Protein chains: 2
Amino acid sequence: MHPALKKLFAGKIILTQEQEELVNGCFKPLSARRNEILVQKGSIARHLYLVVKGCLRIFLTNEDGSEATRFLIFDGSMGTAFPSFILKKPSVASVQSLGPSELLTLSYADRQTLFNKIPGWETMYRQAMELAYIESIQRIESLITMDARARYKILLRDHPEIIQRLPSRIVADYLGISQETLSRLKSKK
Amino acid sequence: MHPALKKLFAGKIILTQEQEELVNGCFKPLSARRNEILVQKGSIARHLYLVVKGCLRIFLTNEDGSEATRFLIFDGSMGTAFPSFILKKPSVASVQSLGPSELLTLSYADRQTLFNKIPGWETMYRQAMELAYIESIQRIESLITMDARARYKILLRDHPEIIQRLPSRIVADYLGISQETLSRLKSKK
DNA sequence: ATGATTTTTTGACTATTGTCAACGTTTTTC
DNA sequence: GAAAAACGTTGACAATAGTCAAAAAATCAT
């Protein structure tokens, strides 16, 4: 089984040899180049992506060409244009690989297969879901209660990797502010 | 079984007589008065609430006394101060009944009981979770890409019940804007 | 019903953040 | 390694939204 999958299941589910092979067969390896688009806005997100190495960005584009980053997915985490994946509707967001990245992809059908064939997978998935939901709740909180400076500080505290690893244009639109505002926040302490 | 539970399970899981009784026993009825606080900020949210009638509000309070509404839960939906409920940590948010309301409460332990004893409950719960997550993603989108006027229009389109049924002070802090700004949006078309 | 409380609206002013433009720097790409 | 592209910073100005205050309207409790 792929080491990233071993790690994902470690301490949660013990799999038989047969089950390991089933799981391994469901997750298909994929390499993505820097800036490669994995899901184009308007198309349907057909896969969940497990990021083995690199970083994915889920982002929105406005009519005027400006972009807003909805989520960032780092090594060890899973994600996709979620509303599109679940509802099977054209995605309003695009999915992009920020650097060169190594991924494992899981199709909707294979996700179902795992629900049916791997006892414990649905529980594991459900718990990951709950944590993702909690993250999004906290993001909403920061957006409705804090100004730009406070949101930046919180991001620096909770996710320094985002600020360290990513270009500030992307950090800015993740925070929902302009890059100029972010630049000013960084300089004025 | 309580009619609200019948409705919740309808078309999803067929329960035996015994299972119906188990489910019914896990959900405890509770009436809440107008403005009653069900979960106080700082305490742990020990229950999920199914709103039979009325409306719950999950909200944050700042040091300066200002409030921000994180979520609103109407008839037929379930919710609570979710991060606190799942992580079993003191809640940063409070839960309040906006009008007189009828609720069914499910404790963390009873939720687990249902996971273990009712086949299909976890799938049903997981799907509800996914929809709640999608809602929160769309909320984030509106917060990072739109100004106050656009957010108001979207809310009017997607959740007119919120604007119709709730005082505008609460609509305003749900949108993340001041009540004065909301008042001006409404008058200037 | 009526007095009290809360909610909503409006105005004047302020603060925060966004936009546009220019310039220097870093990073890609061939 | 050189040209091109992308990125980051700064300044001037504009626009959006917040704050404070007061009055009008609606709602609640007895």
Side-chain angles (χ1 to χ4, degrees), chain A residues 32-37 54-55 57 59-69 72 96-101 142-156 162-189, chain B residues 32-37 54-55 57 59-69 72 96-101 142-156 162-189:
Chain A
R33 292 186 313 280
R34 179 180 141 77
N35 292 333
E36 182 173 340
I37 299 289
C55 175
R57 173 187 180 227
F59 69 103
L60 304 158
T61 45
N62 279 336
E63 327 75 49
D64 67 354
S66 67
E67 298 181 348
T69 295
L72 297 165
Q96 177 187 41
S97 174
L98 283 182
S101 59
S142 75
L143 288 167
I144 60 178
T145 60
M146 299 173 191
D147 64 13
R149 154 162 285 119
R151 292 211 294 281
Y152 176 72
K153 279 191 187 168
I154 294 288
L155 187 66
L156 197 55
I162 289 181
I163 290 170
Q164 284 154 18
R165 286 173 50 173
L166 301 179
S168 71
R169 181 179 60 81
I170 289 174
V171 174
D173 68 46
Y174 181 74
L175 285 166
I177 62 179
S178 69
Q179 36 177 335
E180 292 93 334
T181 297
L182 176 58
S183 174
R184 288 177 181 119
L185 287 180
K186 287 203 258 184
S187 60
K188 280 160 205 165
K189 151 83 192 90
Chain B
R33 292 187 312 281
R34 178 180 143 76
N35 292 334
E36 181 173 343
I37 300 290
C55 175
R57 173 188 181 226
F59 69 103
L60 304 158
T61 44
N62 279 337
E63 328 73 49
D64 66 353
S66 67
E67 298 181 349
T69 295
L72 296 165
Q96 177 188 42
S97 174
L98 283 182
S101 58
S142 76
L143 288 167
I144 60 178
T145 61
M146 298 173 192
D147 63 12
R149 154 162 286 119
R151 292 211 295 282
Y152 175 71
K153 278 191 186 170
I154 295 289
L155 187 65
L156 198 55
I162 289 180
I163 292 171
Q164 285 154 18
R165 283 174 52 174
L166 301 178
S168 70
R169 180 177 60 82
I170 289 173
V171 174
D173 68 46
Y174 180 73
L175 285 167
I177 63 179
S178 69
Q179 36 178 334
E180 293 93 334
T181 297
L182 177 58
S183 174
R184 288 176 180 118
L185 287 179
K186 287 203 260 183
S187 61
K188 280 158 203 167
K189 149 88 192 76

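In what follows, every heavy atom counts, from backbone to side chain, and hydrogens, waters and symmetry copies are set aside. These figures come from a predicted structure and were not determined experimentally. To find a chain, count down the sequence lines: A is the first, B the second, and so on, and within it residues start at 1.
The distance between atom OH of B/Tyr152 and atom P of D/dA17, rounded to the nearest whole Å, is 14 Å. A straight line from CD of A/Glu67 to C1' of D/dA6 spans 13 Å, rounded to a whole angstrom. Following rounding to the nearest Å, A/Lys186 (NZ) and D/dT9 (C1') show an atom-to-atom distance of 10 Å.
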Open item on the list: Base contacts versus sugar-phosphate-only contacts with protein, heavy atoms under 4.0 Å: please encode nucleotides 13-30 of chain C as B, S and - from 5' to 3'.
Closed with: ----SSBBB---------
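The side-chain heavy atoms of A/Pro100 and A/Arg33, taken from C-beta on, include no pair separated by under 4.5 Å. In this structure, the side chains of B/Ile170 and B/Phe59 stay at 4.5 Å or more apart for every pair of heavy atoms. For the pair B/Thr181 and B/Leu175, the minimum side-chain heavy-atom distance is 4.5 Å or more. A heavy-atom distance below 4.5 Å is found between the side chains of B/Glu67 and B/Arg57.
For the atom pair A/Asp147 CG and A/Ile177 CD1, the distance stands at 9.5 Å (nearest 0.5 Å). Here the NZ atom belonging to A/Lys186 is positioned 13.5 Å from the CZ atom belonging to A/Arg149, to the nearest 0.5 angstrom. From B/Arg184, atom CZ reaches atom OG of B/Ser178 across 7.0 Å, with rounding to the nearest 0.5 Å.
Partner of B/Thr69 under the side chain to side chain contact (heavy atoms under 4.5 Å, CB included) criterion, chosen from B/Ile162, B/Val171, B/Asp173, B/Leu166: B/Asp173.
Near-neighbour residues of DNA chain D inside residues 164-173 of chain A, defined by a heavy atom below 4.0 Å, number-ordered: A/Pro167, A/Ser168, A/Arg169.
Across its full length, the helix from C/dA1-D/dT30 to C/dA22-D/dT9 shows an angle of 60° between the axes of its 5 terminal pairs at either end, rounded to 10 degrees.
With B/Arg151 contributing its side chain and B/Met146 its backbone, the two residues share a donor-acceptor pair below 3.5 Å.
Put simply, B/Ser187 has no side-chain N or O that comes within less than 4.0 Å of OP1 or OP2 on C/dT9.
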Task: Derivation and outcome, side chain to side chain donor-acceptor pair (under 3.5 Å), residues A/Arg169 and A/Gln179 - done: CA-CA 5 Å; A/Arg169 181 179 60 81; A/Gln179 36 177 335; 5.9 Å; no
